[in-house]
2 protein chains.
Amino acid sequence: MILSERDILYDFIKFHNINEQLLIDELMEYSSISYLKKGDYLIKENSYIKLLKIVIKGRVRVYQENEDKEILIYYLETMETCTLSLSACFGNCKSNVNAVAETDATILNIPVHKVNGWSFEYKSWHNFTIDTFRHSYSELIFNYSKLAFDPLRERLLDYLIKNSDQNIVQLSHAQLARELGTTREVVSRLLKKIELEKKIVLGQKTIKILT
Amino acid sequence: MILSERDILYDFIKFHNINEQLLIDELMEYSSISYLKKGDYLIKENSYIKLLKIVIKGRVRVYQENEDKEILIYYLETMETCTLSLSACFGNCKSNVNAVAETDATILNIPVHKVNGWSFEYKSWHNFTIDTFRHSYSELIFNYSKLAFDPLRERLLDYLIKNSDQNIVQLSHAQLARELGTTREVVSRLLKKIELEKKIVLGQKTIKILT
DNA sequence: AAAAACCTGTGACTTTTGGCACAAGCAGGC
DNA sequence: GCCTGCTTGTGCCAAAAGTCACAGGTTTTT
């Protein structure tokens, strides 16, 4: 492992308060770093998961696909891991989601068969595992009930607020539609209505949220 | 703990291959059994979870509510635990779901502060914890995408098949509608259509699935 | 057995969402 | 500039789901 990669690993170790020297040694020995370009796939549906993927830098979109429709499950951001990969560590299983880099990203890879025992051997890894499950699970329940209860308009507004950077969202209507599992026209119309209510301003691939 | 309660606990211990004597002792000391009547609440929304609830016998429906609408999250059946209670063991948190007994039920209760450490101390409890999270998580993702992709008709058919006992479902249309997060009339009409296609036969609070 | 409560069926209407078609606008390359 | 491809706006219609109203069942209670 070259120096810069060691630094990347140390960021992760520090972030999750990993303090067992043995675990750190194992991480050094077995983990590897990969670099994704925007648009690269991290995980594809129906492939077997062999490496636990942890996003060190960048943003990865995890979604499910069904014919021509798709729906966002969650985003992975700095220091987050894909819960489904983690789950796979405890019993090999196929991925039923896709994960694609939304920005250039740095990924820490750990062979799943290594991870398996760690969560009982090392307290800090145990915490990491449990926290990951807890967090993902509650987030998923939240999204599940949003999907069940909220009309599209609410979900769209929510999405815009959550994914804005300085009150700006840089996405086309088509991309928004994909995230929400609907169609471009519906999104365009809803956005237009919301603009008329003076809550947003629309531009080319740009939505400005008015506060 | 009286004898019959001890037997109940032993069923649980056996079912999950718990073999550490120390853990068994702890379970004996701190757990308790409660008996629910059909319709009793196990967990209410916005209450704090203090006991891990494990269903030994019976069937418990876990759902979320939103104004007058509700949606099924999962059922707990024999030897299953409520993942959200389990999650609460690792960091106290409010319940955001309701759980109600669908049949008379026997429940094993364990104080959450006790459970907290077990999953790192005892291998069998660790497995129980991880398996519970894994199972619930994948089930939830499955339901999430069903909700996103499948039209109501498909979800209804699915529900009937999954919840039938010898090809019979004993529920009113109103109850079905609640489970699926829709309204009674919509369910009635869909069922009528499906009956005309000779896939089911409708009766009073009875739907017979034709194979 | 009469009343009350619940269950089912259905017509008519509205709202929400989706699909098609096409026009106009913007952005980058040549 | 001018082409090409992507983006946005919108009219029109269709399908899915939700709402209201009401009629007639069945079951339960008294």
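Just so it is clear: chains get the letters A, B, ... in the order the sequence lines come, proteins before strands, and each one is counted from 1. Quick note: numbers below take in every heavy atom, side chains included, and nothing from hydrogens, waters or symmetry partners.
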For nucleotides 2-19 of chain D, read 5' to 3', which letter fits each nucleotide if B means a protein heavy atom sits under 4.0 Å from the base, S means only the sugar-phosphate is that close, and - means neither? -----SBBBBB----SBB

Are more than 12 heavy atoms from other residues, nucleotides or ligands located less than 6.0 Å from atom NZ of Lys69(A)? yes

Assess the side chains of Asn109(A) and Lys53(A): does a donor N or O sit below 3.5 Å from an acceptor N or O? yes

Can you pull the contact range of chain A along DNA chain C, 5' to 3', using atoms under 4.0 angstrom from its heavy atoms? dT17(C) to dC26(C)

Between Phe128(B) and Phe12(B), is the gap from one ring center to the other below 6.0 Å? yes

Side-chain donor-acceptor pair under 3.5 Å between Glu45(A) and Ser95(A), yes or no? no

State whether Tyr41(B) and Lys44(B) meet the cation-pi test: NZ (Lys) or CZ (Arg) under 6.0 Å from the six-membered ring centroid, and within 45° of the perpendicular axis. yes

Is any side-chain N of the basic residue among Arg184(A) and Glu179(A) closer than 4.0 Å to the acidic one's carboxylate O? no

Just checking, is any N or O donor in the side chain of Ser124(A) or His16(A) under 3.5 Å from an acceptor N or O on the other one? no

Terminal axes of the helix from dA1(C)-dT30(D) to dC30(C)-dG1(D) (five pairs each): angle between them, nearest 10 degrees: 30°

Do Arg134(B) and Phe90(A) meet the cation-pi criteria used here (NZ or CZ under 6.0 Å from the six-membered ring centre, within 45° of the axis)? no

Before accepting this row, confirm whether a basic side-chain N of the pair Glu70(B)/Arg61(B) lies closer than 4.0 Å to the acidic partner's carboxylate O. yes

Does atom NZ of Lys146(B) have more than 12 heavy-atom neighbours, drawn from other residues, nucleotides or ligands, at distances under 6.0 Å? yes

